[in-house]
Amino acid sequence: SQKIEQNSEALNIQEGKTATLTCNYTNYSPAYLQWYRQDPGRGPVFLLLIRENEKEKRKERLKVTFDTTLKQSLFHITASQPADSATYLCAPSGSASKIIFGSGTRLSIRP
Amino acid sequence: DAGVIQSPRHEVTEMGQEVTLRCKPISGHDYLFWYRQTMMRGLELLIYFNNNVPIDDSGMPEDRFSAKMPNASFSTLKIQPSEPRDSAVYFCASSPRTGNTGELFFGEGSRLTVL
């Protein structure tokens with residue numbers, strides 16, 4: 001069955017450093033992969049989408065890579081700030097409609 | 001647009017009672033999803049609709065759960081009878097029919113506690 005794995009442990013990063021989160025998937029070949037941010041008590045919010053034919057995508061301080069050989073996506077936040085502290089969810093999707101999420105990685109940026 | 005609207009935001013009920021969660025998607029969005037989130041299992045897809053028609057309900061845990069979408073602007077998720085293990089945050093999300101982007105817009109969730 002399809003499996004999505006994200007860093008199960010919380011990630012603690014010093015402000016100003018680059019945070020790197022990992023999303024690994026097995027038993028399917030997603031056509032695209034999305035990343036979402038979720039703050040406590042709120043619904044997830046869409047951040048970025050990368051397609052299988054794209055190696056890298058950037059948006060402001062965010063960068064996402066998608067390696068279909070390794071079956072992995074990396075999510076980077078450069079010049080991290082305390083306001084970036086949240087849980088980040090990845091969703092590799094093989095179908096345009098059915099979107100399944102990983103369990104998320106909690107990121108904490110300390111001043 | 002006000003975004004996806006869910007009600008109630010919080011619900012506390014006793015085991016055996018019927019629970020109905022409601023969702024109003026963003027106008028013009030053709031897809032509607034129901035998810036459940038717990039610490040143990042993360043964000044699980046329960047069911048999704050396209051143009052008010054249920055497409056995949058394989059995530060619905062058991063027959064106690066049912067979902068309907070009588071029109072494009074309203075959906076319900078019903079649990080009858082409820083059990084303590086149903087305690088979770090239930091999210092509704094909608095998505096526009098724009099190529100294959102599949103970007104989801106989530107509501108703020110309904111936190112259900114079954115005693």
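All values reported here derive from a predicted model rather than from experimental measurement. The basis for the numbers below is simple: all heavy atoms, side chains too, and nothing from hydrogens, waters or symmetry mates. Here is the naming used below: chain letters follow the sequence lines, and residue numbers restart at 1 for every chain.
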Go through the atoms of Leu45(B) and report whether side chain, backbone, both or neither lie under 4.5 Å from a heavy atom of chain A. side chain
Do Asp39(A) and Ser85(A) have side-chain heavy atoms sitting under 4.5 Å apart? no
Counting the benzene-type ring for Trp, do Tyr90(B) and Tyr35(B) have ring centres under 6.0 Å apart? no
Between Gln37(B), Gln6(B), Arg111(B), Arg9(B), which shows the greatest number of heavy-atom pairs under 4.5 Å with chain A? Gln37(B)
Less than 6.0 Å separating the ring centroids of Tyr36(A) and Phe101(A)? yes
Would you call the rings of Phe106(B) and Phe91(B) parallel, tilted or perpendicular, where under 30° means parallel and over 60° means perpendicular? perpendicular
Structural part of Ser58(B) lying under 4.5 Å from a heavy atom of chain A: side chain
Under 4.5 Å to a heavy atom of chain A? For Phe105(B) that would be neither
